[in-house]
Visitor: 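Sharing a structure with you now.
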Amino acid sequence: MSYIRDVATDLPCATKLTRALGNALRTARQAEGLTQAQLAQRAGIARQKLIQLEQGKPGVAMAAYTAALDALGLQLALQPTQLRITDYPQLKRLAWNRPGDDLVTERDALALYERNWRLVDQEQMPARERELLQRLVQKHGGGILHV
């Protein structure tokens with residue numbers, strides 16, 4: 001096994017991404033009314049490889065994913081990770097002027113916490129939200145909560 005394959009299969013985020021991509025490919029294929037064999041032929045890959053793609057196997061080469069996407073007339077678009085405000089009570093409190101099910105990017109969520117820290121009720125913050133804040137600080141704040 002190669003080092004890259006070992007790392008990719010050990011990362012939960014890689015598995016989550018490949019599963020989501022595989023599900024999207026399957027949904028698009030079915031919406032087009034194509035069988036796995038038909039799409040595989042269009043993409044120039046083996047049917048077994050397409051099955052692995054649709055299962056979200058993280059060890060499959062990106063070239064296979066792009067071939068399947070191209071055969072379906074799709075392109076991959078990257079966007080910042082978003083959070084649903086209503087999933088986090090203190091964040092919802094800070095974003096009171098936004099619609100109830102509004103989404104914010106992770107960076108914007110951290111900025112809301114930092115700008116309005118005086119309004120955060122730390123004692124009422126659920127463990128899940130504390131974990132989120134800690135992850136945001138590590139990922140986007142350089143390990144420092146700027147309050």
Side-chain angles (χ1 to χ4, degrees), residues 1-117 120 125-146:
M1 279 191 196
S2 74
Y3 171 74
I4 293 173
R5 183 162 187 241
D6 293 344
V7 170
T9 57
D10 290 341
L11 292 174
C13 61
T15 302
K16 183 178 176 184
L17 175 63
T18 56
R19 281 189 185 149
L21 189 51
N23 287 335
L25 283 171
R26 181 182 307 107
T27 301
R29 174 183 60 78
Q30 291 171 340
E32 289 287 323
L34 297 171
T35 65
Q36 288 176 330
Q38 291 169 323
L39 178 57
Q41 184 177 15
R42 255 194 215 179
I45 60 177
R47 182 174 170 270
Q48 188 57 40
K49 185 63 67 181
L50 181 63
I51 290 169
Q52 291 174 346
L53 292 175
E54 289 187 354
Q55 290 174 345
K57 302 284 184 181
V60 178
M62 236 6 239
Y65 281 101
T66 57
L69 287 165
D70 187 52
L72 287 166
L74 301 173
Q75 64 180 353
L76 195 58
L78 301 177
Q79 65 182 30
T81 304
Q82 296 185 322
L83 304 169
R84 186 168 310 284
I85 290 173
T86 56
D87 291 346
Y88 304 98
Q90 294 301 309
L91 183 59
K92 181 180 176 184
R93 185 174 171 193
L94 301 177
W96 59 271
N97 59 341
R98 294 177 182 243
D101 62 349
D102 201 15
L103 300 172
V104 294
T105 66
E106 287 185 343
R107 287 185 189 275
D108 288 344
L110 179 59
L112 280 167
Y113 282 117
E114 289 179 336
R115 274 195 312 265
N116 301 293
W117 188 249
V120 173
M125 186 180 283
R128 180 172 181 253
E129 190 167 6
R130 287 181 193 277
E131 291 167 6
L132 167 70
L133 182 56
Q134 184 177 5
R135 183 173 54 82
L136 294 177
V137 167
Q138 291 303 314
K139 186 174 179 182
H140 301 290
I144 300 170
L145 180 63
H146 299 277

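For the single chain, residues carry numbers from 1 onward in sequence order.
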Visitor: Working to the nearest 0.5 Å, report the span between CG of L94 and CD of E114.
Guide: 11.5 Å
Visitor: Quick one: do L145 and L110 satisfy side-chain contact (heavy atoms from CB on, under 4.5 Å)? Show the steps, please.
Guide: CA-CA 8 Å; L145 180 63; L110 179 59; 4.0 Å; yes
Visitor: Is it true that atom CD of Q36 has more than 12 heavy atoms of other residues, nucleotides or ligands lying nearer than 6.0 Å?
Guide: yes
Visitor: Could you tell me which non-hydrogen atom of A40 sits nearest to which non-hydrogen atom of L50, and how far apart they are?
Guide: N-CD2, 3.9 Å
Visitor: Within the 4.5 Å heavy-atom criterion, are R29 and E54 side-chain neighbours or not?
Guide: yes
Visitor: Can you tell me how far the OG1 atom of T105 sits from the CD atom of Q82, to the nearest 0.5 Å?
Guide: 7.0 Å
Visitor: Please name all residues satisfying side chain to side chain contact (heavy atoms under 4.5 Å, CB included) with A28, sequence neighbours left out, ordered by chain then number.
Guide: L72, L74
Visitor: With the side chain counted from C-beta on, respond yes when R128 and Y88 share a heavy-atom pair under 4.5 Å apart, and no when they do not.
Guide: yes
Visitor: Within the 4.5 Å heavy-atom criterion, are V104 and R98 side-chain neighbours or not?
Guide: yes
Visitor: Are I45 and L53 side-chain neighbours, meaning at least one heavy-atom pair lies under 4.5 Å?
Guide: yes
Visitor: Rounded at 0.5 Å granularity, tell me how far CG in L25 sits from CD in Q55.
Guide: 12.5 Å
Visitor: Drop me the distance from L39's CG to R47's CZ, to the nearest 0.5 angstrom.
Guide: 11.5 Å
Visitor: List the atom of A109, the atom of L83, and the distance in Å for their closest heavy-atom pair.
Guide: CB-CD1, 3.7 Å
Visitor: Output the distance between atom CD1 (I85) and atom CD (Q90), rounded to the nearest 0.5 Å.
Guide: 13.5 Å
Visitor: Sub-3.5 Å donor-acceptor pair from the side chain of Q38 to the main-chain atoms of T35, do we have one?
Guide: yes
Visitor: Going by atom type alone, with no hydrogens or angles, which donor-acceptor pairs under 3.5 Å involve a side-chain atom of residues 131-141 and a protein atom two or more places apart or on another chain?
Guide:
residue: R135; atom: NH1; partner: E106; partner atom: OE2; Å: 2.8
residue: K139; atom: NZ; partner: E106; partner atom: OE1; Å: 2.9
residue: H140; atom: NE2; partner: E106; partner atom: OE1; Å: 2.9

Visitor: Check residues 58-65 and write down every donor-acceptor pair under 3.5 Å in which the side-chain atom is one partner and the other belongs to a residue at least two apart or another chain.
Guide:
residue: Y65; atom: OH; partner: K57; partner atom: O; Å: 3.2

Visitor: Can you tell me how far apart OG1 (T86) and CG (L91) are? Round to the nearest 0.5 Å.
Guide: 9.5 Å
